[in-house]
Amino acid sequence: MRTSPQGLAAREAARRLTVYGPNTLARRGGRRWPRELAQQFTQPLALLLALAAVLAASTGAPALALAILAVIVLNALLAFAQEQQAERAVEALAAFLPDRAAAVRDGVRQDVEATALVPGDVLVVEEGSRICADARLLSGGVEVDLSALTGESVPVFRSAEFVDSSGPLLQARELLFTGTTCTGGQALAVVTATGMHTELGRIAALSQRTQREESPLEHQVKRVARLIAVIAVGVGVAFVPLGLASGLSLSATVAFAIGLLVANVPEGLLPTVTLALASGVRALARRGAVVKRLSAVETLGSTRVVCTDKTGTLTENRMRVTTVWTPRGESDLGEGAPGAMPEQVRLLAATAAACTTAMSAAGPDGHPTGDPTELALLDLAARLGDQAPPEERDRRRRAMFRFDPRIKLMTTADAEDDAAVVLHTKGAPEELLLHADAVLDHGSERPLTPADRAEIVRTVGSLAQRGLRVLAVARRRLPPGQPPPASREDAEQFLCLLGLVAMADPPRPEVAHAIELAHHAGITVHVVTGDNGLTAAAIAARVGIGHRGMRIVTGTELEAMSERELDTLLARGEEVIFARSSPEAKLRIADALRAAGNTIAMTGDGVNDAPALRRADIGIAMGRSGTDVAREAATMVLTDDNFATIVAAVEAGRRTYDNIRKFIVYIFAHAVPEVVPFLVFALAGGMIPLPLTVMQILAIDLGTDTLPALALGRERAEPGLMDRPPRPRSEGVIQPAMLARAWGFLGLISAALVMGGYFLTLSRGGWHPGDPTGAGTALHHTYQQATTVTWLGIVACQIGTAFAVRTEHASLRSLGVFSNRYLLGGIAFSLTFAAALVYVPPLHSVFGTAALTPLQLATVLPFPFIVWGADELRRALLRHRAGPLPVPQSVPLAPVLPQPAADSGGHHPLAVLLARHGWSAHRLSRALDVSEHAAADIVAHAHRVGAAHGRRGP
């Protein structure tokens, strides 16, 4: 491969990229667009129009049949183009989340795009990494999930030490393959194949997914479309005998039936829904939330509970050591460069930096690569002038026992200058106390006394309650010549405690306001974290979580709870801090919340978070700190890892859902003034000429209806959007109140106006009921002008309806009458199209229109203002009847914590919290060096606190 453990040179990597091509799989899914275009002609509404065309052709109206067919074709092309645009919008979001890989180039670890990997690159494979190329291990060992290739769900271990030349290639124990994921461990591997030359490229099916996933909202709308089709056919068929009984000819009756069919078809409904969802996806992407499917937009709007992590989501994930404690006392490091520090503080900093795997070198984005906690330890050593370069640290390393989330410790074995091996350990203070029997005091080791343990416990509790994350650091020097221990148990014993390191991770400044918005919107925020409960509670209180009460529940207490007790806890209304929780606990919490009927959003960043992210209604992965596995499982990825972006996404989801309802009301409202003229014609038995022709209906639905409807999908949020509770999961997109407003209010007003304009125009021309108005009669031109007034009146009422439906409750003035420039453009197009049909003579014979006089135009001019004004008055009366909206109570930025102090029962809060984490009396006695009796009393009190979680409140 002409490479080395230092990787390729950048110039050589660029050359190989030219030779081998990008590391991508060729897509051979074939052309999908013919089938997708054909599907547009099989939609219920398209089939309904096709039926109307057949009826028109069979009754001797070929021009009308051709016009309806033209509408079908144009509507199908429009829907197809819009769905393609929506699909491209979602697919284009992949650019926000390019697959990346850690590679060594020019001897330096770099974060490169996966497509730029070439044979000979050296990969750094870590827990949570997606393996982006076939590779052979050089050093280390990893657990790998091969289910994408073999279907086996159990991870397998792969190591550079296992050289195996026999058996199937996929079972070779030193090889890694594209499409698999690392679930544990760390290793270096050299890339052997990329792109189509990989094992996945040889055996995987390379076709694209054949169809886009249909969102529940689109499914609901299609059901409504089928219902409309059934109603339209039923109404048309029912009125055929009525028309014949009224004395109409067969041709007039069929024309009437065709008119009813066409008038009931909202052609723009389906493509408008799709485009609105796609617009919401793009808007969310601009806010930092990359949504991977359209259906998530509507789901976001109904989110009732958010389960969030603490580090990086509520906080800046910018750890910085601010305080170091040693037996000599606290040393405040502050924000600036520290001054002279005791030698023991410098030794503690060097020990903590040695027990890391992070790299201090900046990546392509200018930020160091690695865990923020470890980066803070490297920064501490650098500030004190005791940091060895990461390359030197790795060269000295003889063994490493990675961080174990179960015991919350990490240990490395490193060679000193005299070749002796020193064990460096860092981790949770309460755990390290169990493994330490000595303490370094004034440069010399002495036994760890009960007073020392009590002082450490008090210090840890004090630092945690200040919102600081606390780690303990210890070391043990092995005798010269003794090799590193072979097991973790042997390494992590007889340790000498050096001191405590306290790190500040400040809350993001925008999170407090976002939490307040979430509370106003009826959203409950639970914190699920692996951190200390005291630290998590302090941070949560600072950002406003816990406004209705806060409760800390430890991982041990959660495991001991029955399903009923967990349901009771979550139904209390309090916001819960699930402390020291495992990723498996997230899955259980998600199941409990969903079982209670909540729509939940769950954040996660680790490999083990993937099941919970899939189970939640909205799984949210971190784009910066999250693993590839978490991003793959999530529905939405935050490119900035910011909780405020979640709330912004909920607001955008609500706005998109409201906008869909707005243009549904807009489209449905026009069915009434389009149907009523045909009903008047049929019920009059020929005494009243047909006020509206089918061609004119087609001109409305195709020419003046679609663009304003699309523009309503881009409407800004109505005031008070985030001050109302989330909608229920079971609530449909179309509600009875919407239909009452569309058909029973806006539609009836529009129908009354256009029919009034029609009869007024006829009466001014001298028409009386029963007078002939056919071609060649004296009243024919007057009749054409009257139908033109009817048609133009519907267009004018459309404009008024478009402005009316922009808000559901508030006054339009609060939103801005001219704030939607897309709607103004759509109305301008509608007016231009209407002017063409009225005053361009060649179109008169096609649509049956005629030029109008200024007086006839003046008849139509007030229509938009009447429709708009009537709905404004209706909304004002509703607001008056409902009274003033309740002013949401301000959320305190630092609520008084009911825990842990109130639950301590006179014991130290940290000791009680340890007992609540499942520590036995014997373990507490060992760690804190208290009597067995005192430890048993602490455990008993902790059990009483835990039992109270599952009880119903008063």
Side-chain angles (χ1 to χ4, degrees), residues 71 74-75 78 263 266-268 272 662-663 665-667 669-674 677 691-693 695-715 746-747 749-751 753-758 760-761 784-806 812 815-872:
V71 170
L74 291 175
N75 185 61
L78 177 64
E267 290 89 347
T272 304
K662 290 173 184 177
F663 63 68
V665 172
Y666 170 79
I667 291 174
H670 305 148
V672 178
E674 291 178 359
L692 192 67
T693 68
M695 291 295 294
Q696 290 169 352
I697 291 178
L698 296 177
I700 293 173
D701 292 343
L702 187 65
T704 65
D705 198 24
T706 304
L707 289 183
L710 294 176
L712 288 172
R714 307 292 294 271
E715 191 63 65
L746 294 171
I749 293 176
S750 300
L753 289 174
V754 299
M755 291 308 300
Y758 174 72
L760 182 62
T761 304
Q784 287 184 317
Q785 288 181 318
T787 60
T788 304
V789 167
T790 304
W791 179 82
L792 190 61
I794 294 177
V795 175
C797 290
Q798 280 182 319
I799 297 173
T801 301
F803 279 100
V805 301
R806 290 182 60 194
L812 184 58
L815 199 64
V817 177
F818 304 109
S819 59
N820 189 339
R821 66 179 188 274
Y822 299 102
L823 180 60
L824 298 179
I827 290 174
F829 173 83
S830 298
L831 293 176
T832 302
F833 183 81
L837 260 66
V838 173
Y839 292 108
V840 176
L843 298 179
H844 292 170
S845 59
V846 177
F847 293 96
T849 54
L852 300 181
T853 65
L855 181 61
Q856 292 166 339
L857 284 176
T859 302
V860 177
L861 189 62
F863 288 5
F865 302 99
I866 295 174
V867 174
W868 177 13
D871 198 69
E872 281 282 341

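- Checking side-chain atoms of Gln856 against main-chain N and O of Gln785 turns up no donor-acceptor pair under 3.5 Å.
- Leu692 places a side-chain heavy atom less than 4.5 Å from the side chain of Ile697.
- Judged as a side chain to side chain donor-acceptor pair (under 3.5 Å), and not counting sequence neighbours, Ser830 has no contacts.
- Between atom CG of residue Leu815 and atom CG of residue Asn820 there is a gap of 8.5 Å, rounded to the nearest 0.5 Å.
- Looking only at side-chain heavy atoms (C-beta outward), Val838 and Thr849 stay at 4.5 Å or farther from each other.
- When all heavy atoms of Ile794 and Glu674 are compared, the pair lying nearest together is CD1-CG, 4.2 Å.
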| query | For Phe829 and Thr704, what are the C-alpha separation, side-chain angles and deciding distance, and is it a side chain to side chain contact (heavy atoms under 4.5 Å, CB included)? | reply | CA-CA 7 Å; Phe829 173 83; Thr704 65; over 6 Å; no

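- Rounding to the nearest 0.5 angstrom, the gap separating the NE2 atom in His844 from the OH atom in Tyr839 is 8.5 Å.
- Between the Arg806 side chain and the Thr801 main chain, no donor and acceptor come within less than 3.5 Å of each other.
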| said: One pair to check against side chain to side chain contact (heavy atoms under 4.5 Å, CB included): Phe803 and Val817. What are the steps and the verdict? | reply: CA-CA 8 Å; Phe803 279 100; Val817 177; 4.2 Å; yes

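- Aromatic ring orientation, Phe833 versus Trp791: tilted (interplanar angle from 30° to 60°).
- Residue Phe863 comes nearest to Gly793 through the heavy atom pair CD2-CA, 3.6 Å, listed as atom of the first residue, atom of the second, then distance.
- At least one side-chain heavy atom of Leu792 sits under 4.5 Å from a side-chain heavy atom of Leu857.
- Of all non-hydrogen atoms in Ala802 and Leu712, the two that sit nearest each other are O-CD2, 3.8 Å.
- Closest non-hydrogen pair, Met695 versus Phe847, comes out as O-CD2, 3.5 Å.
- Using a 4.5 Å heavy-atom cutoff, the side chains of Gln798 and Pro708 are not in contact.
- Minimum heavy-atom separation, Tyr822 to Arg714: OH-NH2, 3.3 Å.
- Under the ring pair (Phe, Tyr, Trp, His ring centres under 6.0 Å) criterion, Tyr758 pairs with no residue at all, not counting sequence neighbours.
- Panel note: side chain Lys662, backbone Val805; no donor-acceptor pair is recorded below 3.5 Å.
- Looking at every heavy atom in both residues, Thr788 comes nearest to Ala850 through OG1-N, 2.9 Å.
- With rounding to the nearest 0.5 angstrom, the OG1 atom of Thr832 is 11.5 Å from the CD1 atom of Ile827.
- For Tyr666, the ring pair (Phe, Tyr, Trp, His ring centres under 6.0 Å) partners at least two apart in sequence or on another chain are His670.
- Looking only at side-chain heavy atoms (C-beta outward), Leu753 and Cys797 come within less than 4.5 Å of each other.
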